[in-house]
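Everything quoted here is computed from the prediction, not taken from an experiment. All values below come from the heavy atoms of this structure, side chains included, with hydrogens, waters and symmetry mates left out.
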Amino acid sequence: MEHKMDSKEISISKTILNTSCEQPIDANFTLPDYCPDIQKILKCCVTPKISSRKLSDNRLNIDGDLIIGILYSDSEHKQVKYCDYSLPFSHFFDISTPYDELVMPLLFTDAKTEYVNCRAVSPRKINVHGAFGLFAKILCKASQEIITNIDSDDIEQKKDTVTVSNIISQGQQNFLVSEILELAKGKPPIQSIIRTNLHISLKNYKAIDNKIILKAEAALKILYISDMEKSNIDTMQYIIPISQIVDLDGLNENSEFVLDLDVLNYTCSVHSDSSGDDTLIDFEAKLSACIVSFENVDICVLVDAFSRKYETNLEYKLTSSEKIVDTITNSHTSKEIIPCEDNIEQIIDVWSDNIKSSVSKSDNNFTIIGKFNICILALDENSQAVYIEKTVNFEHPVNTPVNKNIKCSCKADVTSINYRLTSSGDIEAKTDILFNLNICQIHSCKSVCYAFADEDKPIPKKDATVIIYYASNHESVWDIARKYSCSLQNIIDENEIEDDVISDNGVIFIPV
């Protein structure tokens with residue numbers, strides 16, 4: 001006889017795609033006519049920028065450009081020069097579920113340079129080889145059925161109560177932030193932008209009916225050449241306020257939710273002011289706000305069962321559930337002394353690139369481990385360009401309770417670098433790193449998904465009404481009841497046991 005089973009349905013964020021691939025970087029290009037010959041390459045930086053991502057049918061298409069920037073000293077004056085080259089890329093990932101069948105999909109993509117080798121094959125020709133990684137992840141809302149009960153009076157059932165996050169709603173909204181920025185008074189006009197850096201910090205947010213009001217800041221830093229002939233280099237920094245309303249059905253002021261804000265891409269282009277000087281910067285950033293609204297609910301999961309009357313055949317499946325525990329922000333400061341072989345007269349700029357991080361778990365806590373590059377552009381005592389780069393490793397403990405079922409994901413970003421030239425001629429750099437962590441509790445267990453009582457194989461009746469059993473310390477009362485096909489509660493009541501585990505060696509009585 002197949003038993004009827006009761007179940008409860010919850011909504012989860014199901015991973016449809018979580019993959020990456022390595023793409024080659026292969027470029028050969030010649031300097032533009034307005035650029036002087038190369039004496040020495042100081043820094044080759046390859047920045048992959050995703051311009052579009054499109055889900056259609058069973059495919060995710062990603063398009064973008066590799067921005068190859070060459071910072072070099074020229075052969076005549078040995079001053080800092082810069083040129084860049086754009087190389088388009090395109091890639092697609094196959095997905096198992098057609099796009100139109102995905103419910104409330106969330107799309108995450110990223111591109112990072114893995115390594116770059118660059119050399120000047122002649123004073124005007126450059127060869128660049130390397131690789132960059134493309135990363136893609138798709139989540140969608142899906143239903144998960146959890147068996148909670150067998151509808152039968154003669155079935156003994158073992159259940160675990162777990163707390164899970166039931167997804168109410170999830171969504172993603174892209175929006176543009178645009179601003180016309182002006183150079184500060186006294187700053188020379190821009191002739192060429194060498195590099196830019198953008199950091200987004202979420203300041204506060206509030207949920208109202210079906211909406212979230214968020215406030216953030218964009219910290220933009222620009223390194224530029226103001227005089228190509230003299231190689232005069234300057235910097236500008238801006239703080240751009242961001243205010244945005246993001247729509248999501250099902251939200252209210254009491255909702256629990258997780259909010260993530262990412263930069264998809266951004267551009268900075270130079271324009272002339274009313275006097276004809278290039279002092280205006282057209283800044284445009286495409287941001288993505290991802291919201292997951294949920295409620296934590298307690299669910300009883302049926303993990304084992306047996307019949308007191310008949311032999312029982314059970315089938316099991318692995319049931320995994322997830323509870324969103326917390327989203328926290330941690331900061332870390334790394335201090336480094338960078339030795340300089342050249343006699344540095346002036347530091348032009350210090351920045352960081354290629355930060356990588358991962359989370360390791362020990363018995364007591366999580367530790368974020370990673371590394372980043374400190375990049376230094378300076379002038380020596382002869383006013384010649386000097387470039388220094390150092391890889392810095394870091395470790396940061398996270399003060400949060402840890403057990404084997406807790407997992408933690410981390411996103412790291414360098415927010416600022418302060419530096420100074422020491423009396424000994426070295427460079428002291430203090431780097432501030434911000435970590436955004438998502439902490440979840442995973443519950444995995446073997447749960448019953450099918451139960452069949454074989455009425456042709458009844459449980460033999462016992463001759464006695466009570467069985468005397470010698471129980472061992474830490475032995476499970478459930479295992480004893482299952483062995484003798486008798487009531488778990490009767491054993492507990494007869495022996496006044498307070499827990500499902502025997503606390504001491506000794507005799508117990510099993511009513512049959």
Write down the atom of [X], the atom of [Y], and the distance for their closest heavy-atom approach.
X: Leu87; Y: Asp26; result: CD2-O, 3.7 Å
X: Ile324; Y: Val258; result: CG2-CG2, 3.9 Å
X: Thr196; Y: Tyr266; result: OG1-OH, 2.9 Å
X: Asn166; Y: Ser11; result: OD1-N, 2.7 Å
X: Pro123; Y: Leu31; result: O-CD1, 3.8 Å

Quick one: does [X]'s side chain get under 4.5 Å of [Y]'s, heavy atoms only?
X: Met104; Y: Ser169; result: yes
X: Lys203; Y: Glu217; result: yes
X: Asp432; Y: Ile417; result: no
X: Ser334; Y: Glu336; result: yes
X: Leu220; Y: Leu181; result: yes
X: Leu55; Y: Ile95; result: yes

Query - Salt-bridge present (Glu114, Lys356; N to O < 4.0 Å) - result: yes
Query raised in the report: Is the closest basic N to carboxylate O distance between Lys43 and Asp353 below 4.0 Å?
Result: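 Salt bridge present between Lys43 and Asp353.
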Out of curiosity, [X] [atom1] to [Y] [atom2], how far, rounded to the nearest 0.5 Å?
X: Gln173; Y: Leu214; atom1: CD; atom2: CG; answer: 9.0 Å
X: Leu17; Y: Asp94; atom1: CG; atom2: CG; answer: 9.0 Å
X: Ser96; Y: Glu101; atom1: OG; atom2: CD; answer: 10.0 Å
X: Leu60; Y: Arg53; atom1: CG; atom2: CZ; answer: 8.5 Å
X: Asn393; Y: Ile369; atom1: CG; atom2: CD1; answer: 9.5 Å
X: Ser293; Y: Ile212; atom1: OG; atom2: CD1; answer: 8.0 Å

Query raised in the report: Can you say whether the rings of Tyr85 and Phe29 are parallel (under 30°), tilted (30 to 60°) or perpendicular (over 60°)?
Result: parallel
Side-chain donor-acceptor contact under 3.5 Å, [X] with [Y]:
X: Ser288; Y: Asn174; result: yes
X: Thr163; Y: Asn296; result: no
X: Gln39; Y: Ser73; result: yes
X: Gln441; Y: Asn405; result: no
X: Asn343; Y: Asp380; result: no

Query raised in the report: Only one of Asp260, Val246, Leu106, Leu261 clears side-chain contact (heavy atoms from CB on, under 4.5 Å) with Ile291; which?
Result: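 Testing each of Asp260, Val246, Leu106, Leu261 against Ile291, the sole residue satisfying side-chain contact (heavy atoms from CB on, under 4.5 Å) is Val246.
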Requested in this report: Test Lys221 against every option in His199, Gln237, Met236 by the side-chain contact (heavy atoms from CB on, under 4.5 Å) rule and name the one that passes.
Outcome: Gln237
Report task. With ring pair (Phe, Tyr, Trp, His ring centres under 6.0 Å) as the test, would you mind laying out the steps for Phe89 and Phe132 before giving the verdict? Result -> CA-CA 11 Å; Phe89 69 83; Phe132 70 99; 5.0 Å; yes
Near [X] [atom1], under 6.0 Å, is it more than 12 heavy atoms from other residues, nucleotides or ligands?
X: Lys78; atom1: NZ; result: yes
X: Lys54; atom1: NZ; result: no
X: Asp57; atom1: CG; result: no
X: Phe135; atom1: CZ; result: yes
X: Lys390; atom1: NZ; result: yes
X: Lys371; atom1: NZ; result: no
X: Lys286; atom1: NZ; result: no
X: Glu22; atom1: CD; result: yes

**Report entry** Donor-acceptor pair, side chain of Asn373 and main chain of Cys375, under 3.5 angstrom
**Finding:**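 Not at all, since once roles are kept as given, no pair shorter than 3.5 Å links the two residues.
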Requested in this report: Kindly say whether Asp63 contributes a backbone atom to a donor-acceptor pair with the side chain of Ser51 at under 3.5 angstrom?
Outcome: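 Yes; at least one donor-acceptor contact below 3.5 Å.
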Query raised in the report: For Phe435 and Phe366, what are the C-alpha separation, side-chain angles and deciding distance, and is it a ring pair (Phe, Tyr, Trp, His ring centres under 6.0 Å)?
Result: CA-CA 13 Å; Phe435 304 112; Phe366 289 109; over 10 Å; no
